[in-house]
Amino acid sequence: MSTPHHHDHPRPAVPGHEHPGHGLEQPLDHHSHGRHADADTHGQAMPADHPHSGFDEDHVVHAHGEHAGHSTAMFKNKFWLSLVLAVPVVIFSPMVGHLLGYHIPQFPGSAWIPPVLGTIIFFYGGMPFLKGGLTELKSRQPGMMLLIAMAITVAFLASWVTTLGIGGFDLDFWWELALLVVIMLLGHWMEMRALGAASSALDALAALLPDEAEKVLDGETVTVAIHQLAVGDVVLVRSGARVPADGTIIGGSAEFDESMITGESKAVSRTVGEAVVAGTVATDNTVRVRVEAVGSDTALAGIQRMVADAQASSSRAQALADRAAAWLFWFALVAGLLTAIAWTLLGQPDDAVVRTVTVLVIACPHALGLAIPLVIALSTERAAKAGVLIKNRMALERMRTIDVVLFDKTGTLTEGAHAVTGAAAVPGTSEGELLAFAAAAEADSEHPVARAIVQAATAHPEATRLGPRGTDFQSATGRGVRASVDGAEVMVGGPNMLRELGLSTPAMIAAATREWTDRGAGVLHVLREGTVIGALALEDQVRPESRAAVRALQDRGVKVAMITGDARQVADAVGADLGIDEVFAEVLPQDKDSKVTELQSRGLTVAMVGDGVNDAPALARAEVGIAIGAGTDVAMESAGVVLAGNDPRAVLSMIDLSRASYTKMIQNLVWATGYNIIAVPLAAGVLAPAGIVLSPAVGAVLMSVSTIVVALNAQLLRRLDLDPAHLAATDAEDRAAALSKRPATAPTH
C-alpha cells in the first residue's frame, strides 16, 4: 500500500474523499453535504436481541386509533369462531328461509338456536366494538366504533324482544346481527393485516439473516449466535454466505448480491473500506467484515421505526373519514328519531319500531370505516415493496399535488464520485496508451481520483491490452504523483505540477482541456519523461437514471429544478445535460431552504430530494421532503419519505402511487357514504307511499355488498406497477426496452 499522494487540488471534489494530491484545474464539486460513506448501501440489520424478526402479523398490537390494544390475532380468532356460530344462526332464521324459499329444520329446541348463538356472537364477537363505542361515548367523540356498537345493540335488543314475543313485533334480526358482527370482524382483520403489511415487507428481510456468524478471534474463527455480535467484532463471510450484520470490509473483496435490499439484480463489487449490508450475499469470494451497527442503531431498526410512525401518523383523508363517521352517527340518530316520530304520528306504531330499528341497524358504516385506512395501508405496503419508505402519510397525499421537484445534485442526480469523462492525447500517443500510463502511475493509490483513472483504463480495450506496470510510486504535496512505468518516469498532476516544471498545456490538446474547464470538469495532465502526452477530464458523473427521471417528471407536468453548491459552469453543464428547467448554483447548505421558500413564493408546491444530511432544513421546508439513499441516515427526522435506493426515478413511484391512492380514497368515500345516504332514508320509509320499501333483509345484504366493494376496490392498488424503470419509460420504445430487460424473476416493486 502507498502513502497518500498529493497533487495541487485546492478543494476536495467529494466530501469525505479529501485528496490533497490531485490538483484539478476546477474543483469537481463544491458540494459539502458530508455524505455518509454508507449512504450507497441500503441495508438492514436486526436488533442484537432479536436476530430474526420473523414478523408475525397475528401478534401486531396497535397502540393508536380505534384499534388501540387490539391485535390482528384477536380479530382473526373472533372472526372464525363467530363465522362458525353464524352459519346455524342464518340457516335457522325464518327470514332467511322465507327469502331463499326453504323450510327451516324443525326439532325440539331448534327455535332457540338463533337467539342463543346470536347472544354468544354479540358478546364474544361484538365486544371490541362495544368497548370502542363506550370509549367514544365517554370522550364525547362519536365515530365508527360507536356506530357499530349502536347497530349491533339495537339488533340484539330488537331480536330478543321478538324472540320473547313482547309487543308482537317481527324484528328477527339474529341473522343480521350475526352477519354484521362477522363482516365487521372480517373488515377489521383485513384492515389490521394491511396495516401490518408494510412492516411485514420490511421485516421479511430479517429472515435473510443467518442464525450464526463466524467471528474472528486471535486468527481463528468461532461460530457464535448472530445476537452475540457487537460493534467492532470481525466476522468472516465466505463465498455464498450472507453478511450477518452491517459492517465494513477490512479484508478481501467480493461481488455482493444486494437484490433483497435494493431490488437491483446485478451484483455489486465491494472491497476494503466499503460498507456491506446484513442479509446480502458474497457471491464469489471470502471477505472479513468489521461490525459497525447492532441493535437499535441498525438501518433495519430505523426503517421499522419509520414504518411504525407512518402507520400511526394521521392524514387528511383519514380525518375526513373520521368526520364523516361522526356526522353519520348523528345522521343515523336523527333519522331514527324522525322515523319513529313520523310513523307514530301516522298511526302505525309497529311500523315506527320496525323502521327505526332497521334505520339504526343498517346505518353502521363499516364500508366507510374501511374506505380510507385500507387504501392508506395498502399504499404504504406497495410503497415499501417499491423501496419507498413513507414516514408520514401526509407526504404520500401531498405528492400528487407537487408542481416542482427540487433535486440536490451530488449523490442524487450524480454518482457523487469521480469518473474519467474525457481523454485527449498528443499526436503520437493513443488514448489507450495515455490511460494505460496514467493508470500504471496511479495503481498504488487508493484515492478516488486514482481509482477512477484505473477503472477507466480497465474499461478501455487498448489500455487493458498494454497493461504497463508502475514501480517506485511517490507523491508530492500539491503537485501530483510520480512512478516508473516500464522504465520511463510518468507523472500525473494538475496545473501546479505544470507550473513547477515550467510547462504548459500543448496546443494540440488545449482546445479539449479548455472545453472541459468551461463546463467545470477537473483536468489532470499526464507526463512521460518530462513531456506532456495528454490530459484527462474528471467529473462527478451523472446517473444514467437521472435523464429518464427528469424527462418522465416533465411528461407528467411536473417541473424539475436542481440545487447545488457547485460553481455555476458545473451546475449549468449538468442542468443542460439533463434538460432541467431551473438550476440553483453556488448555494451553501444552510441557504438551501431559502431556495425552497423562493419556489413556494411563486405559488409552487415543492418536493425536495436530497441526501438527508445537510439538506435537512430544505427537506423540512418543502411540502414533501424525500431523502434518497436510506443507509445510516434512515432515522433522519426532516424527510417525510426515504428512498431505500439511490435511483431518482423512484420519485415517479411516489407520484403515481399518490395519485392512484387518492383516486381510490375518493371512490371508496363516495361509495360508502352514498350507500348510507340512500339506504337510510329508504329504510325509514320515505318512499313507502310510492310502494318502495327497503326491508331489513335487503338493507343487510346491501350493507354487506358495500363493504365488499370497498375492500375489493382498495385491493386494485396491488395491480399498480411501481417499477421506476417502467414508470420512467415515456414512450412505447422505452417501455418495451424496460420490460425486455426485466429479469425472469423480477424483484418486487
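For Asp577, the salt bridge (charged side-chain N to carboxylate O under 4.0 Å, His left out) partners are Arg547, not counting sequence neighbours. In terms of the salt bridge (charged side-chain N to carboxylate O under 4.0 Å, His left out) criterion, Arg514 has no residue partners (sequence neighbours excluded). When the side chain to side chain contact (heavy atoms under 4.5 Å, CB included) test is applied to Ala535, the partners found at least two apart in sequence or on another chain are Ile509, Thr513, Trp516, Val523, His525. Judged as a salt bridge (charged side-chain N to carboxylate O under 4.0 Å, His left out), and not counting sequence neighbours, Arg528 has no contacts. Residues satisfying the side chain to side chain contact (heavy atoms under 4.5 Å, CB included) test with Ala383, not counting sequence neighbours, are Val388, Ile390, Leu657. With sequence neighbours left out, the side-chain hydrogen bond (donor to acceptor under 3.5 Å, both in side chains) criterion links Glu489 to Arg482. Remark: Ala549 engages Pro648, Arg649 in a side chain to side chain contact (heavy atoms under 4.5 Å, CB included) (not counting sequence neighbours). Remark: Arg288 pairs with no residue by the side-chain hydrogen bond (donor to acceptor under 3.5 Å, both in side chains) rule, at least two apart or across chains. Evaluation of the side-chain hydrogen bond (donor to acceptor under 3.5 Å, both in side chains) rule for Glu462 yields Ser430 as partners, not counting sequence neighbours. In this structure, the salt bridge (charged side-chain N to carboxylate O under 4.0 Å, His left out) partners of Lys595, at least two apart in sequence or on a different chain, are Glu598. Checked against side-chain hydrogen bond (donor to acceptor under 3.5 Å, both in side chains), Ser658 has no partners two or more places apart in sequence or in another chain.
Side-chain contact check for Glu623 and Thr605: no donor-acceptor pair (N or O, by modelled atom type) lies under 3.5 Å.
Residues Val609 and Val651 are in side-chain contact: their nearest non-hydrogen atoms beyond the backbone lie under 4.5 Å apart. Looking only at side-chain heavy atoms (C-beta outward), Val532 and Thr505 stay at 4.5 Å or farther from each other. Here the side chains of Val492 and Leu527 are not in contact, with every heavy-atom distance at 4.5 Å or above. Between Phe407 and Thr564, every side-chain heavy-atom pair lies at or beyond the 4.5 Å cut-off. When side chains are defined from C-beta on, Val289 does not count as touching Thr248, because their heavy atoms never get closer than 4.5 Å. In this structure, Asp403 and Lys559 have side chains that are not in contact, with every pair of non-hydrogen atoms separated by 4.5 Å or more.
When every heavy atom of Ser484 is checked against every heavy atom of Asp472, the shortest pair comes out as CB-OD2, 4.1 Å. Looking at every heavy atom in both residues, Val583 comes nearest to Ala571 through CG1-CB, 3.6 Å. Across all their heavy atoms, Ile249 and Phe256 have their closest contact at CD1-CE1, 3.9 Å. Here the closest heavy-atom approach between residue Ala622 and residue Gln600 is recorded as CA-NE2, 3.9 Å. Of all the heavy atoms in Ile453 and Val420, the pair that sits closest is CA-CG2, 3.9 Å. Residues Phe473 and Ala441 come closest through the heavy atom pair CD1-O, 3.3 Å.
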Audit row: Ile533, Leu434, side chain to side chain contact (heavy atoms under 4.5 Å, CB included) steps and yes/no: CA-CA 7 Å; Ile533 62 172; Leu434 177 68; 3.9 Å; yes
Trace of the side chain to side chain contact (heavy atoms under 4.5 Å, CB included) decision for Val490 with Val526: CA-CA 7 Å; Val490 175; Val526 182; 4.2 Å; yes
Worked verdict on Val272 versus Val287 for side chain to side chain contact (heavy atoms under 4.5 Å, CB included): CA-CA 9 Å; Val272 174; Val287 296; over 6 Å; no
Full working for side chain to side chain contact (heavy atoms under 4.5 Å, CB included) between Val606 and Arg621: CA-CA 9 Å; Val606 182; Arg621 179 79 62 183; over 6 Å; no
Step-by-step side chain to side chain donor-acceptor pair (under 3.5 Å) determination, Glu255 to Thr283: CA-CA 6 Å; Glu255 296 282 326; Thr283 62; 5.7 Å; no
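Distance alone, capped at 3.5 Å, places no donor-acceptor pair between the Arg290 side chain and the Gly247 backbone. Listed for the Glu500 side chain is no donor-acceptor partner under 3.5 Å among the backbone atoms of Met497. Of the possible donor and acceptor atoms, none in the side chain of Thr429 sits under 3.5 Å from a partner among the backbone N and O of Ala425.
To the nearest 0.5 Å, the span separating CD on Glu539 from OG1 on Thr421 amounts to 3.5 Å. Interatomic distance, Ser653 OG to Asp647 CG, rounded to the nearest 0.5 Å: 8.0 Å. Rounding to the nearest 0.5 Å gives a distance of 10.0 Å between CG of Leu406 and OG1 of Thr412. For the atom pair CG of Leu413 and CG of Asp408, the computed distance is 8.0 Å after rounding to the nearest 0.5 Å. Note: Leu503 CG to Met491 CE = 9.0 Å, rounded to the nearest 0.5 Å. Between Met608 atom CE and Ile402 atom CD1 the span is 12.5 Å, to the nearest 0.5 Å.
Listed by first and then second residue, the side-chain hydrogen bond (donor to acceptor under 3.5 Å, both in side chains) pairs involving residues 578-588 are Gln554-Asp581, Glu582-Arg602 (not counting sequence neighbours).
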